[in-house]
2 protein chains.
Amino acid sequence: MYTLSEENYLKSIYRLSQQPNFKITPTAIAESLKNNPASVVDMIRKLTDKQLIEYDKKKGVKLTPVGLKDAVLIVRRHRLWEVFLLEKLGYHWDEIHDIAEELEHISDASLADRLDKFLGFPEYDPHGDPIPKANGKVPKPYSVTLADLKTGDTCRVAAVKDTSSSFLQYLQKLDIGIGTNIKLLEKIPYDNSLVISISGKESTTVSQKFGENILVD
Amino acid sequence: MYTLSEENYLKSIYRLSQQPNFKITPTAIAESLKNNPASVVDMIRKLTDKQLIEYDKKKGVKLTPVGLKDAVLIVRRHRLWEVFLLEKLGYHWDEIHDIAEELEHISDASLADRLDKFLGFPEYDPHGDPIPKANGKVPKPYSVTLADLKTGDTCRVAAVKDTSSSFLQYLQKLDIGIGTNIKLLEKIPYDNSLVISISGKESTTVSQKFGENILVD
DNA sequence: ATATAAAATTAGATAAGACTAATTTTGTGT
DNA sequence: ACACAAAATTAGTCTTATCTAATTTTATAT
Ligand SMILES: [Mn+2]
Ligand SMILES: [Mn+2]
Ligand SMILES: [Mn+2]
Ligand SMILES: [Mn+2]
């Protein structure tokens, strides 16, 4: 159906489209794929010809209904494989993303659905991201971040925005995972650093960037 | 490490090398990969440069120790994924080969070993082919075919040589699978057709080609 | 409004892997 | 040894996807 590259572009565009009010430019796509804007311009032409995206200079890139449907199916496969790797093969949550990045491209009509069933129809992947359903419906993702809370608020970690191993390993070190309870003790006005209590334990200070990459419930 | 194409060539050369006294020529490789001899010549050069194979005009293509080791690891992944697809996801044995053909290329250092453990260290894949061990040792494959038997002999189906869906579906129709008992009732001298009894039931006639593609115990 | 910077695009190059068509080498039968 | 066929190889083309460098367009700041 699609080449590996086409699928990676579709997925990248989909991910960028999740950021509200964000204009999806060639540069943004290039950054997200760690490649060159010139290459992106080529692929934009190709995907436009295939009617998977529309490109308006003013509005940026937008997925067509067909492009969206297929992008969502790739995301579905990615997240299902992540669940498999963690739950069945015993990988840690900082190791699974790159492998799923390859597995998501395996094309077989019934593979995702069989995997879904085998895994017991999980709702969320190991990073807390919602797993699109077979019909293409995507459960609403979490949207409030730790950095959005007010002093004194308590929350449950629901998902992580950043899935890089450096971030995930840091979380591991802090004993934070999906489900961990966090209380915001103080917000440092100077640089918006956050003083938090993890699982009721003594306080720790984390950066604003850190807080913005944790989605809470 | 290797490109998709390189891996497919390595695996194809390995498979051909399993046929005793068979000279592995560019044409043979081309046939096995359903591509063009000219393309094969290019790849022979590439793999030779990488010291994965040696090519002697007289003796044909041969895997070097390194090439052999890596080819075996690809076969290991292929066969492990086939077990997974059949046992865990409920595919039938005629559907798994093509999917495993893609899955075998997923490159992660510990993936095959974790999958192996998850599956309970299976000895044989769903077609009866031995699964190479993590250390690269390959259990001895079955070698006697149904066509090798003498009239009156009884055997157990141990493996199938041909994994095409047309062959596997035919076997399914005849109620033959790994483990099925077959008795050779008669060999027709004219064209070596085989009259057999499957699981003790009434007799069926199959072709010589059919018999040569069933390995027995 | 104009200079400057940033972003987008074009032009041209490269690499992998496949193909077809032409040519050369090898093998076989007489 | 010679003729013919088959196999191997070379030459040249194509597609996909990437890059760098040059150019054009768009945005921003004074
Ligand atoms: Mn990917
Ligand atoms: Mn994830
Ligand atoms: Mn393959
Ligand atoms: Mn098999």
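Letters A, B, ... are given to chains in the order of the sequence lines, protein chains preceding strands, and every chain is numbered from 1.
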Chemist: Check the orientation of B:His78 and B:His97. Use parallel for under 30°, tilted for 30 to 60°, and perpendicular for over 60°.
Modeler: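 Geometry flag for B:His97 against B:His78: tilted rings.
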
Chemist: Rounded to the nearest angstrom, tell me the gap between atom OH in A:Tyr2 and atom C1' in D:dT16.
Modeler: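 So the two atoms are 17 Å apart, to the nearest Å.
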
Chemist: Atom CE of A:Met43 and atom C1' of D:dT18: how far apart are they, to the nearest Å?
Modeler: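 Atom-to-atom, A:Met43 to D:dT18, this comes out as 10 Å.
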
Chemist: Are A:Lys57 and D:dT26 close enough that a side-chain N or O sits under 4.0 Å from OP1 or OP2?
Modeler: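 A:Lys57 to D:dT26 OP1/OP2: side-chain N or O found under 4.0 Å.
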
Chemist: How many whole angstroms separate atom CD1 of A:Ile29 from atom P of D:dT18?
Modeler: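 It works out to 13 Å between those atoms.
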
Chemist: May I have the distance from A:Ile44 (atom CD1) to D:dT16 (atom P), rounded to whole angstrom?
Modeler: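 One finds 18 Å between P of D:dT16 and CD1 of A:Ile44, rounded.
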
Chemist: Between C:dA18, C:dT9, D:dA27, spot the one nearest the side chain of B:Ser5, thanks.
Modeler: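 It is C:dA18.
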
Chemist: What's the CD-C1' distance between A:Glu7 and D:dT16, to the nearest Å?
Modeler: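 After rounding, the gap between these two atoms is 15 Å.
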
Chemist: Classify the ring geometry of A:Phe84 against B:Trp81: parallel below 30°, tilted from 30° to 60°, perpendicular beyond 60°.
Modeler: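 Ring orientation, 0 to 90° scale: tilted.
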
Chemist: Tell me whether the OP1 or OP2 atom of D:dT16 has a side-chain N or O from A:Tyr9 closer than 4.0 Å.
Modeler: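 It does not, given that no N or O in the side chain of A:Tyr9 lies less than 4.0 Å from OP1 or OP2 of D:dT16.
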
Chemist: Salt bridge (charged side-chain N to carboxylate O under 4.0 Å, His left out) for A:Glu104 and A:Lys11? Distances and angles first, verdict last.
Modeler: CA-CA 10 Å; A:Glu104 70 191 1; A:Lys11 193 156 65 80; 3.2 Å; yes

Chemist: Of all the nucleotides listed (D:dT18, D:dT9, D:dT26), which has the minimum atom distance to the side chain of B:Val41?
Modeler: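 Closest of the options to the side chain of B:Val41: D:dT9.
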
Chemist: May I have the distance from B:Lys58 (atom NZ) to D:dA7 (atom P), rounded to whole angstrom?
Modeler: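 Checked: the NZ to P distance equals 16 Å.
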
Chemist: If I take atom CG in residue A:Asp49 and atom C1' in nucleotide D:dT15, what distance separates them, rounded to the nearest angstrom?
Modeler: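 The answer, rounded to whole Å, is 15 Å.
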
Chemist: With A:Lys161, which of A:Ile214, A:Thr145, A:Asp129 fulfils side-chain contact (heavy atoms from CB on, under 4.5 Å)?
Modeler: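 Single pass found, and it is A:Thr145.
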
Chemist: Grab the two heavy atoms, one from A:Leu149 and one from A:Leu184, that are nearest each other, plus how far apart they are.
Modeler: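 Nearest heavy atoms, A:Leu149 then A:Leu184: O-CD2, 3.5 Å.
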
Chemist: Grab the N/O contacts between the protein and nucleotides 19-21 of chain D below 3.5 Å, and write none if there aren't any.
Modeler:
residue	atom	partner	partner atom	Å
D:dC19	OP2	A:Asn36	N	3.0
D:dC19	OP2	A:Ser39	OG	2.6
D:dT20	OP2	A:Asn36	ND2	3.2

Chemist: For B:Arg45 and D:dT9, is the shortest distance between a side-chain N/O and OP1 or OP2 below 4.0 Å?
Modeler: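 So the side chain of B:Arg45 is outside the cut-off, no N or O lying under 4.0 Å from OP1 or OP2 of D:dT9.
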
Chemist: Within a 6.0 Å radius of atom NZ on A:Lys62, are there more than 12 heavy atoms belonging to other residues, nucleotides or ligands?
Modeler: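 Count not over threshold, so no.
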
Chemist: Expressed in angstrom and rounded to an integer, what is the separation of A:Asp56 atom CG from D:dT26 atom C1'?
Modeler: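 It is 14 Å, rounded to the nearest whole Å.
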
Chemist: Please check if atom CD in B:Gln51 has more than 12 non-hydrogen atoms from other residues, nucleotides or ligands closer than 6.0 Å.
Modeler: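 Open: at most 12 neighbouring heavy atoms sit under 6.0 Å from CD of B:Gln51.
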
